[in-house]
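Residue numbers begin at 1 in each chain, while the letters A, B, ... track the order of the sequences. The model shown is predicted, which means the values in this text are computed figures rather than measured ones.
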Amino acid sequence: MSVTQASKKQTPLLQVKNLQTGFKIDGDYYNAVEGVSFDVDRKQIVGVVGESGCGKSVMSLSIMQLLPQGIGKIRGGEIAFEGADIAGLSDKKMNQIRGKDISMIFQEPMTSLNPVFTIGYQIEEVILNHEKLSKKEARKRSVSLLESVGIPRAKQIADEYPHQLSGGMRQRVMIAMAIACQPKLLIADEPTTALDVTVQAQILDLLKGVQEANDMAIIMITHDLGVVAEICDEVIVMYAGKIVERSTVDELFNHPKHPYTKLLMKAIPKMDEDVEKLATIEGLVPSIINMPEIGCRFANRCPKAMPECLSVTPQLGETAPGHEAACLLYDESWPENEKHHKEGVGLA
Amino acid sequence: MTTRDFIQDRIDSLENRDVLLEIQNLKTYYPVKGGFFKRTVGNVKAVDDVSFTIRKGETLGLVGESGCGKSTTGRTILRLLKPTDGKILFEGKDITKLSGSKLQRARRDFQMVFQDPYASLNPTQMVGDIIAEPILNYEKRNKKELEKEIKALLTRVGLPESAYYKYAHEFSGGQRQRIGIARALALHPKLIVADEPVSALDVSVQSQVLNLLKELQIEFDLTYLFIAHDLSVVKHMSDRIGVMYLGSLVEVASNKDLYREPLHPYTQALISAIPEPNTAIRKERIVLQGDVPSPQNPPSGCPFHTRCPMAMDVCSKEKPPLKEVRPGHHVACVLY
Amino acid sequence: MASSTTLTQQKKPERSLSPWQIARKKFFKNKLAMVSSVYILVVTILALLAPFLAPYLSPSPDIVKVNIGSMNIPPNSEHILGTDKSGRDVLTRLFYGGRISLLVGFSATLMVITLGTLVGSIAGFFGGIVDNILMRFTDLVLNFPFLVFVMVLNTILYGIVDGLWVLIIVIGVLSWGGVARLVRSKILAEKENEYILAALSIGCSPVKVIWKHLLPNVMSTIIVQATLIFASMIVAESALSYLGFGVPQSTPSWGIMLASANEPDVLQGKPWIWMPPAIALTLTILSINFIGEGLKDALNPKSLR
Amino acid sequence: GGNDSDTATEEADTDEGTADEKATEGEAQQGGTMVYGIDAPPEGLFSSAFYGIATDGEVIDLFDEPLIDYNENLEPQPNVASWETEDNKVFNFTFEEGVKWHNGEELTVNDWVFALETIASPDYDGPRYTNVQTIEGAEAFRKGEADSISGIEVVSDYEITITFDQARVNNLTNLWVYPLPESVLGDVPVAEMSASEWVRSTPIGIGPFKVDNIVAGESLELSKNEDYWNGDVNLDKIIVRVIDNSSVVGALQNGDVDMISLQPVTGPEVEPLENVEIVTYPGLSYYFVGFKLGVFDNETQTISEELPKYQSKELRQAMMYAINRQEWVDAFFFGYANVINKPVPTSHWNAADDSELNTYEYDPEKAKSLLDEAGYVDTNDDGFREDPNGDEFVVKFSHYATGNPTFESRAQAITQYWNEVGIQTELEMVEVNLYYDMIEKDDPSIETFFGGWSTAADPDPSGLWKADQLWNYPRYNNPEADQLLDDALNIDIVGTDQQARADLYIEWQKIVNEEVPMLYIAELEEIKALNKRVGGTEYDVSGQNNPAEWFVTE
Amino acid sequence: MLKYSIRRLLGMIPMLILVSIVVFSLAKMMPGDSLSGEIDPLNTNPEYIAEMREKLGYNDPIHIQYFDWITGFAQGDFGKSTRFKIPVKDVILEKLPNTLFLGLTALFITYVLAFMMGMYSGRKPYTIGDNAIAGINYIMLAIPSFVAAVFAIYLFSFKLDWFPFGGSVDILVEKGTMEYWFSRLHHVLLPALVLGAMSTASYTQFLRNDIIENSRKDFVRTARAKGTPMKKIYNVHILRNSIIPLVTFLGFDFAALIGGAIITESIFTYPGIGQLFLESILSRDYPTLMALTMLLSVLTLVGNLIADILYGVVDPRIRLD
Ligand SMILES: Nc1ncnc2c1ncn2[C@@H]1O[C@H](COP(=O)(O)OP(=O)(O)OP(=O)(O)O)[C@@H](O)[C@H]1O
Ligand SMILES: Nc1ncnc2c1ncn2[C@@H]1O[C@H](COP(=O)(O)OP(=O)(O)OP(=O)(O)O)[C@@H](O)[C@H]1O
Ligand SMILES: [Mg+2]
Ligand SMILES: [Mg+2]
């Protein structure tokens, strides 16, 4: 008994292994997420950062199996939730998990709510989807949920329509909906990008609050490193469908390893320091139809790129305890590794 | 010379330069139409009594939350909108009342860079034509020469010459923004209003555009009104910063002063709300309550008093004027 | 840096395509639309060449002349599609009929589109009072029940203006309202785009803004609408002719030819008289609709962004 | 058939059973329902005093009947009423007794008086005043100068004397002979009568069937009048329903309709149907091509101006010879019309026999030589003749246009005939409502025009031919001819002798046949399609027999 | 909402006055009058016609005629039909129920068919079923309604004998009975199908495209993330959004159907407003013609109003006040 309990404790809440997700374009599948593996522990907040188009959303939609039907498909890998593989579940089975065990909120609070149903109805729906409750009880619960996410006049608001609310309020409604069934994992896909900073601060506060109150884990997708620093425990940096670096927050911000991470950090102006010139990353994230087959996907934009970067695909490897990076520079099996360590990687 | 010194230098030198643009008590209201006969039933007070000056070669940053009237201010200055009240003086000339061809002629001197790199370029025009159009609106030019000039300009903003023959849809957001910048530069204007030029861009691309704008400023001796909602970007770009809230300017100060010592409670909240990409400094945040009120019926008195943690009774009664409380540091708050 | 640029360089076509060229390419790929276009093209050419082809088509190439001796002949080797109740060759009339039907459709569409675009773009761009007046006027026109007014107007103008043009003018004058509304709403939406502000800020005059910036961008909508209107104008012509309010009887439009189905003997007893125009008409409408769909797909602005 | 002297009609009848034959076949059966088709929606004015269109008239004929009828020679016959007169001015009428309205009230002469006074009333809004006008005192009554019509004298419930303002040969045939039920309408103001319930939804009459039910604009249900005064009624029911032209053939074939009038064009389609029989009988209308010879002044009621273009008789005759009327009639009327040479329907007793007239057989050569003689020769070798002065000569031919496409082609055919003899002709199709207005107002754009007239039981053509008549559209002005027409009506000249009258009309016909102020084209036959199960029908120029005699076999 | 409706109704008045002026002028400009066709030596004479012209006021000054007409009109007196000799109102009221019945049946058929086909196609786009439906729709759109009508009669009435070929009801059935209504339905079905075919096709395509578009919306993703089954998402979330534009067509359809009935009714000899209209033109029955034209204009305006009100009802984003 105690053994099983112990082992259960050790199973991460979510285990993604070698996830591959592709899109059908002109008849062929192209992978937007290529071999992504990571774990999320209970009550952990994992941040996912990266430029636009690097596969953050696709990865999260894969977990929820909400990829556009007929176009997007999980083409390989495992997704284990509480130890059970959910990657191959039917839509019907998935419906029992979505909204109950795993829920999700999205970037655009404006369009993510159905404009023709009341707020109350939309929250009730998730409750009624998973619990045998009367409509009345569901409504009562919705109102208290609305109150818990800090919406004033909750009773009234429940009868109003999304367009009558501001962006911040709508995002609160989304959160209320997401936590309605006390899920164990919340995936938040850029929940604050569309909001103003002061409202963003409110929402981040709220998310932290509900995370603690509900003992949830959160996958926080964002491209704002500030947000990551603010609330995450762990960070995943993605580039072109792959994880290039993974570490705890403190470690990442203090000792970034991958050139991509470093450049990202230096590209944003900071409040507390003045720089005349910001770091830039030339070029663009390659589109999924012309991803390099082998080699480092960042190589053609990397200021530190070596000729080998084009021919050798770097693997995610531990560079420090709890810190992994996928770069030849940190690959111990790579012979020239030494030299670069000495030179140091970074920008002049 | 370190960057810091350089900036200080610049600020000092700017003090002595001529005023390029002066805004006095500018008001821009959007009428709200209603009823069957489309009568005006109210006003959105998008810009409500705003005054500031910009000196030649200077960058004035404008920050504020969405809907606070930043774009409206920028557009009114360029006279793309008709001000409801107030004065706009450009190089001492009053351009508030200009219209028709006079206005068209005056527009030569001020140009705009827009927020949405997708919507701000006409998809049916060739890039070359997009950039040539402002010039051809004012001058008759030899075709060959013009093409050369434009290609030079394209190179300057970091685009290949071949871009001349392409269409906007073939470019990424950052590249489009460069095209927009080239268009604004084509007439060698004195003032450029940049309305959130980077907020639609990814961080990596954002830094490219910011760098470019900075380079161009020095090269062409440009004056910027730089609008953004991201305080750190504004701070990076500007010599002085104006903070707007609900149509009003609540604080104007030099970039350094504003960050070091924000005076207005709103500015303080704004700065504290910005998440820093640095785990070392976990600061105490001031989380404001509630939302920005609607500009259609703004609160009486200080527009911020409904959310202000330090609000007092007077705040709801009188709208505090913008006062210079420190040298070069203006704030509109009864606390000072 | 140099190496990185070479790395970024991707294979791209040398000559870049304008949005119109892209649309054309997409359109050419649409099989249904292409087949339809070919059909319309063939019909148009045959219609245009009708006077030259007529002598080869039948022994009675004159479309006006009544041939009492050879009335109501079923299709045979001389008259491939037979003759009608006036002894006129059906095939010849079919070609000539296409001429009139297409001419009416085309001219009326041109008129509708021109008027509608003019009113719509002025109203949309200037807004305010101009918009208000123009749109009230448009409402007025839209409030006239179409068929009703066409009949009444056509009766009034009968004999005053040359027959064919009466119909064109009448249906043109009565149908532009919808286009005006559509163009106006499109212009209003398009006006919100920052490139219009940009055009104003670089010193373009309002006329230039409408002409060079707004219209090209609403053009795709207008073109698609034009195909739909073209189809509906052809239908309107035939329906009115069928009811006796269309083009003059001596003008062999498809509608006029179809009108003979009105007669008890023709409908059941002489299908060769009314079937060909019915089929030609239906196929034409079908083709135009397919072309419209094709254009809609090809011109979809989303594909550009 | 039923007509004695008409060769053309018999020709047309050869392949079909004639009406006379039809009447003798089969035994009359009692009971059954017949469906009677009408080709246009009735307007719903189911009263002979008020109706406007022929379909309403057809329906009325099923449930009402006149006091006086006509035989196959269009001579008046006593029906409900018989008459006596000495001088053609004063008439004594005697009614049958026991004739009942459908509401059970008995018909008396008062109902007739009521009808006459209604029509003579200034408030009357129907078109029938001409039929009452000639009664002495009608004019005064209409002007409100008298409370009653002085010429009407009720003798008893069944006897009445009517005095006309003057003796005329056709006083009786012109007289209004339909009573109105005073019992029903007595309280209805004249002005409201045409809109009243009685006219529109519950009409009654004295005929063999009564109206049970009306679905406005589409159908009626009539049932046997058990109290019919004039013998037994065979059918139980008649359903009247609208059958659109385009559906006629299908409806006949499916047996959805038992009896319906056909247009000539439908005839050939119906002929092959096995369950349907076609019956034709002479009609009373004719088609012509008129020339505008002058201009009428409506103020003075005279022809005020003579138009020169078509004054040449040779030209007009040539244009007549040029037309192959037989071919034309066959092509556009499918054998259901006959070529005519005079403006009087052949079935009329006063019609001239073709042997007495120039028949203008198709003869293009004759036409050409006539034209040559008259000076219309091609002087500039353009293939068309110029007028005697050597000027361009273009005939403008107008025809009315409706939705019917055959109009254009039949008009076109006529222009072609003329073109063939070298007369350049232009065709103009004019919208039908505009057309008669333009003709009536002598619009200069109308030169030669296609037209058709129907005639009444009385064959007097004065209203359409005399120089002082608005409806003399050609503006034909021949005092000699006018005099003949006057004489034919003059009781002092012709007395009551029909033959004397006929002789004058024949004289007149010879003149207009020679002068051709209009080109006489064709007279139409009436065509009825009958399901073979229908029996007891009989048709002649005066119309159908009494519906009481109709029957259906199962 | 009530206030809004009243305000809109009042706002219609100036438009109606304008329309009435246009209608009146047009009627006056039409060649001929109701008496032009009455030239008939059998029964009448020129004097009578001149007299009637005077009596009917055809010789009054134009503005007086207009004034008389419009004041009468405003009071519900549309004049007397020159053809039927009864008040126009009665003529119209006699035919209107038929047309309404036809129109409503057509509308019903249209919406039922469009919903069935559109929802199927929208849920399963690019499948065989969808393509088949699209094919049918394209053909329905392309065949002119009069050709379809003529065909329908030929096939369904004469060849198959499924439907009667004309009229609105069997005269022999007793009014008010079940049989009577059944007969009316039987008579109206074929013309209604033909009348509704065009809109059925376009609504089906519209609904299909709207469903496809809506199914790509963010809120659908949200609903899926909540664990809502696909079926419910289509039938509730998407449909509710797609209904909005469709329902507002209802208002416009109303006037359009009556306009379209002109052709259908005359081919099916269905005695309604459309047929009445056509015959009024042919017989120059101006009082009826003008009243009908005005009626259709009013219907168009009311249709627009209904459309707007419906919009407000079905779309919570629109507030009417
Ligand atoms: N429906 C789709 N069809 C085809 N390709 C797609 C589709 N959705 C996403 N992709 C591709 O997958 C890649 C990853 O997209 P994804 O949306 O996950 O990026 P992201 O990191 O979330 O970016 P953002 O920050 O803009 O949200 C992109 O290259 C994108 O073009
Ligand atoms: N054309 C318009 N008509 C009516 N109101 C408008 C119009 N444009 C803007 N507004 C309103 O004016 C206010 C100020 O708008 P403005 O666009 O200037 O804000 P902003 O600070 O630029 O916001 P953002 O950061 O979203 O661009 C807002 O409340 C907005 O809703
Ligand atoms: Mg994303
Ligand atoms: Mg803005």
- Query: Relative to the ring of F73(E), is the ring of F78(E) parallel (under 30°), tilted (30 to 60°) or perpendicular (over 60°)?
  - Reply: parallel
- L286(C) portion near chain E, given a 4.5 angstrom heavy-atom threshold: both
- Option that, when pairs with chain C are counted at under 4.5 Å, heavy atom only, ranks first among L301(E), L299(E), V23(E): L301(E)
- chain C: which of T300(E), I139(E), L141(E), L18(E) shares the most heavy-atom pairs with it under 4.5 Å? T300(E)
- Message: Can you tell me which portion of S266(E) sits under 4.5 Å from chain C's heavy atoms? Options are side chain, backbone, both or neither.
- Response: side chain
- From the list I267(E), V298(E), N304(E), the residue making the most non-hydrogen contacts under 4.5 Å with chain C is I267(E)
- Task: Dump the intermediate steps for side chain to side chain donor-acceptor pair (under 3.5 Å) on Y66(E) and S20(E), then the final yes or no.
- Result: CA-CA 9 Å; Y66(E) 172 74; S20(E) 75; 2.7 Å; yes
- Query: With a 6.0 Å cut-off on ring centres, are W274(C) and Y242(C) close enough?
  - Reply: no
- Task: Can you tell which part of L283(C) gets under 4.5 Å to a heavy atom of chain E, answering side chain, backbone, both or neither?
- Result: neither
- Query: Tell me, do I256(C) and R93(C) make a side-chain contact under 4.5 Å, heavy atoms counted?
  - Reply: yes
- Carefully, step by step, assess S241(C) and E237(C) under the rule side chain to side chain donor-acceptor pair (under 3.5 Å). CA-CA 6 Å; S241(C) 297; E237(C) 182 275 321; 2.8 Å; yes
- Task: Show your reasoning for whether side chain to side chain contact (heavy atoms under 4.5 Å, CB included) applies to I100(C) and Y96(C).
- Result: CA-CA 7 Å; I100(C) 302 300; Y96(C) 273 96; 5.9 Å; no
- Message: Heavy-atom cut-off 4.5 Å, strictly under: side chain, backbone, both or neither for V19(E) against chain C?
- Response: both
- Query: Side chain, backbone, both or neither: which part of Y154(E) has a non-hydrogen atom closer than 4.5 Å to chain C?
  - Reply: side chain
